[in-house]
Amino acid sequence: MNNNTIENPNPKRVKKKSSGNSKWLAILSVVAILLVSGGLFTYYNFFRQDNANLIETVPDDALFIFQINDNEQFAKSTSQLSSTLDELFSMGSFAGFQSLLNKAAFRNSDRQKLQVIVSGHPVKDKLTALYSCTMKSHIFNKLLKNLKIDSRNCTVYNQNKIYNFGTHYRKFYFSWHHNVFSVSENVDLLKKSLDQHQNISNLLSDKNFKEIFGLVKKNEKQNWFLTHYSEFLAHFEENIAENHQDLFSLENNQNWAAYQVRFTENEFKWAGYVQQTDLQYANGNSADFPSEIFPESTDYYVSHQTPAPYYLFSLTKDTVTYQYCAVPADTLQLPYSKLLPEGHTLDSCEKFKNVPIYQSALHNAEITNNVSIVATDYFIEKEGYLIFSDTVAALQRYLNFTSAAATIMDNPAYRATKNNMPQQNTQQISYFFNSPVSRFLFFSEKGLKLHTAQNISAFSFAITPSAEGLATSNLYIKF
């Protein structure tokens, strides 16, 4: 009995001890997992920062990005376009950034491999540029020495040193970290870049951007321009006349585009791709451009090839602008008599220079797929095309323009566009700035003050979708 009395409590004490050990073991296991996970995360984050791609230092509110793989060629080819780069991309400080790179005294072999990223960001409703490139520590120290800046003469932000250099006219803020050299005229934007570098989430976290940036990485011999169309055009549209803003339908596109860029002293020549998820275009064959129906002084034209081809264009005379729509007569698949209002016959017309001008029964949407920029109240036939406009007077003015032998082919600006753009596109928009009036037609009152507006002679944009999910696109500007 005594033995039983002594032995009975022992199993209970052993069981209680085992339970306590298990609890502590579980707690220690959780703590170990957290420590290991935290350590791995910290190691990964520092490793990522040390090996980050330049693009990962770009704040994710970028409206555009220049990926410059040949810095010397880019700087040389844009030297005559500095005013335009400043007005379009706020890159007036680009020459200053290049000057800093020159003072860094790169070796020729390092300079040839130098990659630069220029990005544009909204800062207090103003587009501001950020410049970044890779730079070894000894080169940065040489830069400080050549600038006669004491390494201690700086401010510290999140353990990163920020220096400044310049005058009251133009001052640059710059920093160096993890072999990345970043420069901006706005210190808050520079700080934002420093924060971005420490953030795991960046532009590459956006699947649309990652897709388009993948094209850029496949060809690092070319210089590239990337843009988020809806954001960039929204920033620039105040410079465009209101009745022409809707022609740039890509403003509603929420995706990215990437262009290989080439510059001459008076031209932009860009070719690339646009993500077409939100684009309202369909695949189709492009018809040859009917230059014979466009007078030499055509201000602009818009060419649509799907679902059926049609062309919008305008002519200006004595500050009055006339709008037109041209449609191949055979695409309507209707005899002329069916195009007329009820009770009208082919004899129910006016004649001007022996050309019949008919009243139209067609609505705009039946011709231009709901594009309502041009009224279709009257029409004539010209070279197998029906030319529509809103008044008889507008068609009479068109016939006056076409009575001369000269066509758009005689316009040097059109020929330059034709020679630098693909001949077949699903949609193309081309403007020709033949006179101050044609500039007034395209630019807003604010835009007309731009150096770009005063010197531009032609602008053309084209896009053609493909089955692969990316539309090919071209842009040409001539000054």
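The shown structure was predicted, so the numbers you read here are calculated from the model rather than taken from an experiment.
Remark: side-chain polar atoms of Gln196 are paired, donor with acceptor, to backbone N or O of Ser201 under 3.5 angstrom. Side chain of Ser438 to backbone of Asp299: no donor-acceptor contact under 3.5 angstrom is found. Although no hydrogens or angles enter the test, the distance criterion places no donor-acceptor pair under 3.5 Å between the side chain of Gln67 and the main chain of Leu226. Under a 3.5 Å cut-off, the side chain of Glu383 and the backbone N or O of Glu292 do not form any donor-acceptor pair. Checked by atom type and distance alone, the side chain of Asp318 never pairs as donor or acceptor with a backbone atom of Val320 at under 3.5 Å. Without hydrogens or angle criteria, Tyr131 side chain to Phe94 main chain gives a donor-acceptor distance under 3.5 Å. Panel note: side chain Glu87, backbone Thr452; a donor-acceptor pair is recorded below 3.5 Å. The backbone N or O of Phe64 sits nowhere less than 3.5 Å from a side-chain atom of Thr227 that would complete a donor-acceptor pair.
Taking the six-membered ring where the residue is Trp, the centroids of Phe268 and Tyr259 are separated by 6.0 Å or more.
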**Report entry** Arg439 vs Leu448, side chain to side chain contact (heavy atoms under 4.5 Å, CB included): CA-CA, chis, key distance, verdict
**Finding:** CA-CA 7 Å; Arg439 300 176 196 280; Leu448 285 169; 4.0 Å; yes
Requested in this report: Given side chain to side chain donor-acceptor pair (under 3.5 Å), test Thr128 with Glu185 step by step and report yes or no.
Outcome: CA-CA 8 Å; Thr128 305; Glu185 290 184 282; over 6 Å; no
Report task. Go through the steps for Phe388 and Leu312 under the test side chain to side chain contact (heavy atoms under 4.5 Å, CB included), then give the verdict. Result -> CA-CA 10 Å; Phe388 291 87; Leu312 309 176; over 6 Å; no
Query - Worked verdict on Glu242 versus Ser444 for side chain to side chain contact (heavy atoms under 4.5 Å, CB included) - result: CA-CA 7 Å; Glu242 186 175 352; Ser444 65; over 6 Å; no
Query - Trace of the side chain to side chain donor-acceptor pair (under 3.5 Å) decision for Ser303 with Gln305 - result: CA-CA 7 Å; Ser303 166; Gln305 296 297 324; 3.1 Å; yes
Report task. Show your working on side chain to side chain contact (heavy atoms under 4.5 Å, CB included) between Lys126 and Val123 and close with a plain yes or no. Result -> CA-CA 5 Å; Lys126 180 182 177 182; Val123 179; 5.6 Å; no
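Relative orientation of the Phe209 and Trp256 rings is perpendicular, given thresholds of 30° and 60° on the angle between their planes. Phe442 and Phe433 have perpendicular rings, their planes meeting at more than 60° on a 0 to 90° scale where under 30° would count as parallel. The aromatic rings of His244 and Tyr300 stand perpendicular to each other, their planes meeting at an angle above 60°, with 30° marking the opposite boundary. Ring geometry, Phe294 versus Phe289: the interplanar angle falls under 30°, so the pair is classed parallel (tilted spans 30 to 60°). In this structure, Tyr324 and Phe313 have parallel ring planes: the angle between them is below the 30° cut-off, well short of the 60° mark. Using the six-membered ring where Trp is involved, Trp270 and Phe66 have ring planes that are perpendicular, over 60° apart on the 30 and 60° scheme.
Atom NZ of Lys191 is separated from atom CG of Leu194 by 9.5 Å, given to the nearest 0.5 angstrom. Remark: Gln396 CD to Lys353 NZ distance equals 10.0 Å, nearest 0.5 Å. Atom CG of residue Leu475 and atom CE of residue Met421 lie 7.0 Å apart, to the nearest 0.5 angstrom. To the nearest 0.5 Å, atoms OG1 (Thr402) and NZ (Lys382) are separated by 4.5 Å. The CD atom of Gln115 sits 10.5 Å away from atom CD1 of Ile55, with the distance rounded to the nearest 0.5 Å. For the atom pair NE2 of His344 and OG of Ser360, the computed distance is 11.0 Å after rounding to the nearest 0.5 Å.
Leu114 approaches Thr134 most closely through the heavy-atom pair CD1-O, 3.6 Å. Between Gln359 and Pro341, the shortest heavy-atom contact is O-CD, 3.4 Å.
Side chains of Leu470 and Ile212 form a contact here, defined as non-hydrogen atoms less than 4.5 Å apart. Between Gln73 and Asn223 there is a side-chain heavy-atom pair separated by less than 4.5 Å. Contact of the Pro59 side chain with the Leu130 side chain is registered, since non-hydrogen atoms from C-beta on lie closer than 4.5 Å. In this structure, Glu296 and Ile408 have side chains that are not in contact, with every pair of non-hydrogen atoms separated by 4.5 Å or more. For the pair Asp60/Asp206, no side-chain contact is recorded, criterion being any heavy-atom separation below 4.5 Å from C-beta on. Side-chain contact between Ser430 and Tyr414: absent, with no pair of heavy atoms (C-beta onward) separated by less than 4.5 Å. Put simply, the side chain of Val58 does not reach to within 4.5 Å of the side chain of Ser132, judged on heavy atoms.
For Asp377, there are no side chain to side chain donor-acceptor pair (under 3.5 Å) partners, not counting sequence neighbours. Scanning for side chain to side chain donor-acceptor pair (under 3.5 Å) contacts around Asn71 gives Gln98, with sequence neighbours left out.
No more than 12 heavy atoms of other residues, nucleotides or ligands shown are found within 6.0 angstrom of CZ on Phe440. In Tyr476, the OH atom is crowded: over 12 heavy atoms of neighbouring residues, nucleotides or ligands sit closer than 6.0 Å. In Lys418, the NZ atom is not crowded: 12 or fewer heavy atoms of neighbouring residues, nucleotides or ligands sit closer than 6.0 Å.
Between Phe181 and the options Phe106, Trp176, Phe174, a ring-ring contact (aromatic ring centres under 6.0 Å, His included) holds for only Phe174.
Salt-bridge check for Lys192 with Asp61: passed, with a basic side-chain N closer than 4.0 Å to an acidic carboxylate O.
Among residues at least two apart or in separate chains, salt bridge (Lys or Arg N to Asp or Glu O under 4.0 Å) pairs with a member in residues 443-455 are Glu238-Lys446.
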